[in-house]
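Chain letters run A, B, ... following the sequence lines, proteins first and then strands; every chain starts at 1.
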There are 2 protein chains.
Amino acid sequence: MLTTAPPTERDQFSPGTRQLLDRASAYCAAHAGRLTETRRLVLGLITEASKPVGAYDILDHLRSFQKNAAPPTVYRALDFLLAQGLIHRIERLTAFVGCAHRLDCTHEGGCGHRAQFLICSVCGTVSELEEPGIARAIHDAAKAIGFRPSHATVEIEGVCAQCQTR
Amino acid sequence: MLTTAPPTERDQFSPGTRQLLDRASAYCAAHAGRLTETRRLVLGLITEASKPVGAYDILDHLRSFQKNAAPPTVYRALDFLLAQGLIHRIERLTAFVGCAHRLDCTHEGGCGHRAQFLICSVCGTVSELEEPGIARAIHDAAKAIGFRPSHATVEIEGVCAQCQTR
DNA sequence: CGCCTTTAGTTATATTATAACGACGGACAG
DNA sequence: CTGTCCGTCGTTATAATATAACTAAAGGCG
């Protein structure tokens, strides 16, 4: 009798995504982390989405690979990916996006805490900025009043260029 | 027979808070809004707290005034106060703080969307900045890529001056 | 007053996130 | 080899935050 095997990432993820996952796996290995099967699937699902995805959206999709996935399954993977800097949490949306720069970032630990996000309120897409001027303005303002910043959340809501022309 | 009356704001709020509430009431009246009893209590509770407060913390305290308060009671008041610009929501904390500047702000609608917040991870206090340099850096960066911003969330986590010296 | 709009009460439920505990598995020292 | 440790995962339950939907009351205004 033929039992139906659950789908693998090969069936669902684009070649581009799988390549990114391979690079992420190497990145983790180089930073004392393991991109396990579950973590890889979660990162893949986030990467394939064109918009931020909520934890329970991820859970729904993850269940097509692992029928017994539960909330802690997803949240544990998300915690790991956040710690590695491979994804970001968008606070205003309570949702997650892949990090556009982490794998290309040459300066250790230098990318995650400086990113800014542009949220289009029409199409819902989020794009990531790395604008030194913003980071500097924040740093300077904090320094001027004796505050020592460790991380800044910058989320800019508005209408993206594409949606303005429609 | 003597029935015990529920406490009024007079019993709980400091004179300074009550004065602020009176000013807020006038502010609302001038902007086609009514600072009703419930809204006034919620704003008072937020104002008295030295730190950001969660919606359910507010609910707990509100119940000492109104025994039948429920989640929608609080969320409706919060929605109103946010719309008036009298409080802010701190996304990273899922909590609310009073607006330090709204009542003193002379330019209509000009204060709310430019504020930045400093969150001390040691003592938990949040202070509000209004630093034109940050707002300008954000505006310029967005403009450069054709994005039209409507609102920017800037939340800076770190250690405040006071906590650094301890 | 009578009408209309805003506000509030009430119940139920949706959405997001974590606690707690046991099991499994690989790495590594002895 | 084998026992131990640590990181990961499965599982169940529950906490914390937020909203839907409907009804009723209260206030402004002709």
Side-chain angles (χ1 to χ4, degrees), chain A residues 6 24-25 28-43 45-46 49 51-84 86-97 124, chain B residues 6 9 24-25 28-46 49 51-84 86-97 124:
Chain A
S25 188
C28 290
H31 292 76
R34 293 163 48 210
L35 192 68
T36 62
E37 180 66 12
T38 301
R39 291 166 178 173
R40 186 179 169 102
L41 288 168
V42 170
L43 180 56
L45 289 166
I46 292 171
K51 298 179 184 179
V53 282
Y56 281 74
D57 289 335
I58 295 169
L59 178 56
D60 285 344
H61 288 100
L62 184 60
R63 280 184 165 140
S64 73
F65 298 104
Q66 307 181 343
K67 69 176 194 310
N68 53 354
T73 311
V74 170
Y75 281 101
R76 286 195 280 233
L78 291 172
D79 286 346
F80 173 84
L81 296 169
L82 286 168
Q84 297 287 319
L86 293 169
I87 62 173
H88 295 291
R89 179 187 159 104
I90 308 297
E91 302 290 340
R92 288 185 65 79
L93 305 177
T94 320
F96 302 86
V97 296
Chain B
E9 73 170 60
S25 188
C28 290
H31 292 77
R34 293 163 48 211
L35 191 69
T36 62
E37 180 66 12
T38 300
R39 292 166 177 174
R40 186 178 170 103
L41 289 169
V42 169
L43 180 56
L45 290 167
I46 292 172
K51 300 179 184 179
V53 283
Y56 282 74
D57 288 336
I58 295 169
L59 178 56
D60 285 345
H61 287 100
L62 184 61
R63 281 183 164 141
S64 72
F65 298 103
Q66 307 183 342
K67 69 176 193 310
N68 54 354
T73 312
V74 170
Y75 281 101
R76 286 196 280 234
L78 291 172
D79 286 346
F80 172 84
L81 296 169
L82 286 168
Q84 297 287 319
L86 293 169
I87 62 173
H88 295 291
R89 178 186 160 104
I90 307 298
E91 302 290 341
R92 289 185 64 80
L93 304 178
T94 321
F96 303 85
V97 296

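Look at CG on L59(A): it is 13 Å from C1' on dG10(D), rounded to the nearest Å. If you measure from atom CG of L78(A) to atom C1' of dC9(D), you get 15 Å, rounded to the nearest angstrom. Atom CG in L62(A) sits roughly 11 Å away from atom P in dC9(D) (whole-Å rounding).
With sequence neighbours left out, the side-chain contact (heavy atoms from CB on, under 4.5 Å) criterion links A70(B) to P72(B), T73(B). In this view, E91(A) and R89(A) satisfy the side-chain hydrogen bond (donor to acceptor under 3.5 Å, both in side chains) rule, not counting sequence neighbours.
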Using a 4.0 Å cut-off on protein heavy atoms (strictly under), produce a 5'-to-3' string for nucleotides 5-19 of chain C with B for base contact, S for backbone-only sugar-phosphate contact, and - for none.
--SBBBB----BBBB
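With hydrogens and angles ignored, the 3.5 Å screen pairs no side-chain donor or acceptor of R40(B) with any backbone N or O of L35(B).
Heavy-atom minimum distance, I87(B) versus L78(B): CD1-CD2, 3.7 Å.
Between V42(B) and F96(B) there is no side-chain heavy-atom pair separated by less than 4.5 Å.
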